[in-house]
Structures are given as C-alpha cells and as structure tokens.
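Let me begin by presenting the structure, written as structure tokens, before commenting on it.
Note: hydrogens, waters and symmetry copies are ignored here, and every other heavy atom, side chains too, is used.
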Amino acid sequence: MAQKVRMSDSDDEATEPTNASTSLSDTESVESDGDSSCESDEVENLPPRRLAFVAMTCVISAYTLVGPLQHDLKKQMGVSDSGALNQAFIQSVALVQWGKTFMTVGQNVLLAWLPTLHRVYLAMFVMFVGTIIPPLFIFTFESNWLGWVPIAFGCIGLGLGVFECTFLSVISPLGPLTKSWAIMGFPAAFFIVNVIWQSIRAVWDIPTVLPFWYVAACLPIGILCFRRIAPSSHKVDGKSYKQAALRSSLYEWKSWLVKMIPFIITNVAAHFTMESVLPAVFNTFNTESVSLFGPHDNHLMKTRWFLVVYCFSNAAGDMISRRLGYCFQLNTTTANYQALAFALVCILSGLYLTTLGIAAVCWIAAFLAFFGNGFLYAVTSKYIDKFVPRKHNLAAYSVWMFLGYMGAIAGAVLVSMVQHWICHDGPQAYQCHEE
C-alpha cells in the first residue's frame with residue numbers, strides 16, 4: 001500500500017455528524033432515507049478489490065471509440081472529411097457527449113424505480129449494444145447506412161452517463177482502496193486502445209476491425225468482473241449506503257453542495273481543456289510528418305508515432321495522478337482545496353503550453369493537463385466519500401460530473417478557437433494545414 005501523506009490537520013476534520021447513530025436498529029429505522037453519516041475508519045481500511053480496475057477499464061473501452069477509431073469508422077463507411085455526410089457523422093458521434101451529460105442527472109428521474117446496482121448492469125448492457133454495431137454491421141456486413149452511427153454512439157453516451165457516477169457510488173461500500181484502483185481504469189482503457197492498438201497497427205498490417213472487436217468483447221468481461229465484486233448489500237459497518245432521491249438530496253443541499261462548488265469549477269476547467277486540446281492537437285499536426293521543436297525545425301517524426309507518444313503522455317499523466325491522489329490523507333476541507341488548486345495549475349499550464357504550437361512541448365502539456373485531471377478525479381472521489389453524507393453520494397457524483405460535462409461541451413464547441421491560438425501564424429510546412 002502506498003505511504004499516505006497528511007497535508008493538513010486543522011479545520012473541518014472529516015468526522016461523522018454527532019446526530020448520526022451507529023446502532024443498526026436506529027439505522028434501519030431511517031433506511032428509507034439513507035444514512036447521513038460519512039465514511040468510517042472501518043470502511044477506509046477495507047482491502048482493495050482490484051477487479052474494479054478491470055471492470056472500469058473494460059467498460060470505459062466503449063468510450064474510446066470517440067478517439068482515433070472514429071476516423072477509421074468514417075473511412076470504412078466511405079464518408080469524406082468534408083461535406084454534409086461528414087457533418088452528419090460528426091454530430092452523430094457527438095451524441096456520446098450529449099447522452100452522457102443528460103443521463104448523468106437524468107437517470108435519477110428516468111431510472112428512479114431501478115436500484116443503483118441494477119442501473120450499472122443496465123448501463124453496461126446498453127453500452128455493449130453500442131459497441132457491437134461497428135464491427136458487426138459496418139465492418140462485417142459492410143453496411144454503410146449512416147443511421148448505425150447515431151444508434152451506436154447514442155447507446156454508448158446514454159450508458160456512460162448512467163455508468164460512471166453510479167458505478168463509483170455503488171462500490172463505495174468496498175472502501176477507498178478499491179475506488180483508487182477503479183478510477184485508474186479510465187485512462188487505462190484509452191492507453192490500451194490509443195497507444196497499444198495504434199502501435200500494433202503502425203508496425204503490423206492488421207485488419208482495421210480488430211480494435212473494434214476488442215472493444216466489444218471488453219463489455220461482457222467487464223460485466224462478469226463487476227458481478228464478482230458488486231456489494232451484496234448497501235449496508236456496511238452497521239450503516240446504510242442506500243441513496244436518497246435526487247430531489248431529497250437537492251432539498252438538503254446545504255449539507256453537501258456548497259463545499260462541492262470548488263470541485264465543480266475545477267472539473268469544468270478540466271473537461272474544457274481535455275475536449276478542446278485533444279482535437280485541436282489532432283487538427284494542428286495534420287501532415288505526414290511533424291516538426292518536433294517548432295514550425296521551422298528539421299527534426300521530423302511520423303505523425304502516427306507522434307500521436308502515439310502524445311496519447312501515451314496523457315494516459316500516463318492521468319493514470320499516475322489518480323493513484324497518487326489517494327496517497328495523500330486529505331482530512332480537512334482546506335487540504336482538499338489546496339489539492340484542487342494544484343490540479344487546476346497543472347490543467348491550465350497544460351492548456352497554455354499546448355497553444356505554443358511546439359510538438360515536443362505538447363507531450364509535456366498533455367502530461368500536465370491530464371495529470372491535473374486525474375489528480376482532481378482522485379481528490380474529488382475521496383472527498384465525496386469522506387465529507388458528503390452517504391445518502392447523497394450518488395447526487396454528489398451526478399452533479400459534479402453533469403456540470404463538468406458542460407465544460408466538455410463548451411470545449412468541443414470551441415475547438416476551432418483553441419486551434420486558432422495554436423495556429424495564429426497561419427499554415428506552416430508541418431502543421432496547421434487547411435484541408
């Protein structure tokens with residue numbers, strides 16, 4: 001286990017409310033409304049269930065279709081990089097963002113009748129439906145019907161919106177060590193698809209459909225792994241993790257939402273940076289080779305390998321920081337806000353360095369931006385478990401992610417603005433070409 005570092009021991013210690021009873025009988029009497037206590041030492045000391053990492057990695061693999069694989073899909077369907085069909089394809093892929101944003105909060109209304117554990121299974125099944133469409137219908141059956149694209153990416157987006165926050169809430173009874181492994185699955189999924197699979201394709205001439213089949217096969221594996229670790233009860237340490245309805249949580253907003261505001265603001269900045277910088281970099285370095293140390297430098301690298309290193313940098317930064325964030329014992333609100341400030345500096349530094357338009361510096365920028373994002377994710381996950389009353393756990397994750405996704409949508413809309421910051425000097429020999 002990694003050595004924990006205590007950052008502060010002053011104000012706002014994470015203690016259970018004095019009016020929260022620890023007796024099982026009293027807990028059962030209020031079970032219908034959930035439990036108002038926060039995470040106990042007993043839960044904090046539970047051993048990690050590392051299958052949570054495998055489950056998260058497998059399920060998030062579906063989300064990786066928004067990366068380089070979407071261009072392979074577009075090519076397979078005979079859609080060019082311009083024109084009406086291209087715009088229809090782009091907007092269909094964007095349903096991932098709209099779907100996950102809507103269902104992050106919408107599930108609390110539309111699926112209020114379904115227990116949170118069952119929502120996770122439903123989300124994984126819907127995502128599986130979305131991932132099986134490209135390899136089966138588009139590649140194997142060679143169907144060019146554009147309708148497959150909104151169906152596939154819509155299913156992935158809707159399922160992802162339900163899965164991510166609900167999965168993190170459901171595994172809370174397994175303790176923070178399990179969650180520290182689970183959240184590393186997000187960057188791991190992108191690392192496998194965008195680095196390992198792209199490297200294999202760069203070296204060997206393998207069928208384009210293989211990564212798509214890999215993604216589709218991951219979902220059943222993820223379901224089986226989750227089944228092995230899923231809590232059999234929402235009770236632990238004699239208290240309940242049963243979630244209150246979103247309306248009830250918002251009615252009691254003073255007990256959790258106010259202190260979440262800095263986390264939400266930082267999350268908006270993180271999602272804006274990720275969703276604007278990545279496509280801006282792909283659109284900037286759009287020739288066969290990349291000039292590593294500036295537009296007029298002669299040290300060249302093949303663009304495919306440059307992007308492999310770039311994806312490795314952001315995945316490494318994201319994964320390392322998610323684990324590192326759980327090594328700090330953030331026992332006060334002030335300590336958590338200090339950690340947030342550090343994450344925000346990393347994110348904004350990465351955004352600024354990207355705008356310099358120097359390819360090699362973009363590797364550093366990607367590491368910094370995604371390091372900040374991963375660190376934010378870890379710190380927020382710990383904070384919600386430690387400081388937010390248990391019954392508001394899902395509401396806290398839902399609101400935090402929903403508003404963060406607003407930053408993602410803004411970033412996706414303003415990609416051209418960020419690209420203009422990078423390409424302010426106009427087209428160069430090895431970057432900023434206009435198609």
Side-chain angles (χ1 to χ4, degrees), residues 7-8 11-12 14 38 97-98 100-102 104-106 108 161 164-165 168-169 183 186-187 246 249-250 252-278 280 314 317-318 321-322 324-326 328 330-355 365-366 368-389 392-415 417-418 421:
M7 292 186 67
S8 177
D11 59 292
D12 294 338
C38 299
Q97 305 299 338
W98 290 105
K100 74 175 185 179
T101 301
F102 173 74
T104 296
V105 170
N108 294 283
E164 189 177 2
C165 56
L168 293 176
S169 176
I183 66 173
F186 210 108
L246 179 62
S249 294
L250 293 177
E252 300 178 21
W253 62 274
K254 291 183 180 179
S255 66
W256 62 276
L257 184 56
V258 175
K259 289 185 178 181
M260 286 290 297
I261 292 176
F263 295 88
I264 292 170
I265 293 173
T266 309
N267 199 29
V268 170
H271 276 81
F272 173 86
T273 300
M274 289 189 298
E275 296 299 333
S276 62
V277 163
L278 278 176
N314 64 51
D318 206 347
S321 61
R322 289 177 188 236
L324 184 63
Y326 269 84
F328 290 90
L330 307 173
N331 286 332
T332 71
T333 299
T334 299
N336 277 273
Y337 289 172
Q338 290 170 348
L340 283 183
F342 170 72
L344 185 60
V345 168
C346 290
I347 293 165
L348 296 181
S349 297
L351 176 60
Y352 169 73
L353 290 176
T354 300
T355 63
L368 277 175
F370 280 80
F371 185 94
N373 173 69
F375 196 74
L376 161 69
Y377 206 109
V379 169
T380 305
S381 297
K382 286 187 65 178
Y383 180 85
I384 290 175
D385 289 339
K386 200 175 190 68
F387 287 85
V388 173
H392 303 314
N393 191 282
L394 178 58
Y397 276 119
S398 297
V399 172
W400 176 67
M401 290 182 180
F402 174 78
L403 294 176
Y405 291 157
M406 294 295 103
I409 292 174
V413 171
L414 297 174
V415 168
M417 179 186 74
V418 176
W421 294 346

| query | Is it the case that more than 12 heavy atoms not belonging to Trp421 sit under 6.0 Å from its CH2 atom? | reply | yes

Check: Are Tyr383 and Trp256 close enough that their ring centres sit under 6.0 Å apart?
Finding: no

### Task
Please answer whether the main-chain N or O of Thr104 pairs with a side-chain N or O of Ser398 as donor and acceptor at a distance below 3.5 Å.
yes

Check: Are the side chains of Leu168 and Ile183 in touch, meaning some heavy atoms are under 4.5 Å apart?
Finding: yes

Quiz item: Quick one: does Ser381's side chain get under 4.5 Å of Tyr397's, heavy atoms only?
Solution: yes

Notebook entry, point to check: Looking at side-chain heavy atoms only, is the closest gap between Phe387 and Asn336 below 4.5 Å?
Noted result: yes

- prompt: Do Tyr377 and Asp318 touch side chain to side chain, with heavy atoms closer than 4.5 Å?
  reply: no

Applying ring-ring contact (aromatic ring centres under 6.0 Å, His included) to Phe272 and not counting sequence neighbours gives none

Mark yes or no: Lys100 above the aromatic ring of Tyr405, with NZ or CZ under 6.0 Å from the six-membered ring centre and no more than 45 degrees from the axis.
-> yes

Value for CE (Met260) from OG1 (Thr380), rounded to nearest 0.5 Å, stands at 6.0 Å

Output for pair (Leu330 CG, Tyr337 OH), nearest 0.5 Å, gives 12.5 Å

request  = Measure the shortest side-chain to side-chain distance between Leu403 and Asn267 over non-hydrogen atoms and say whether it is less than 4.5 angstrom.
outcome  = no

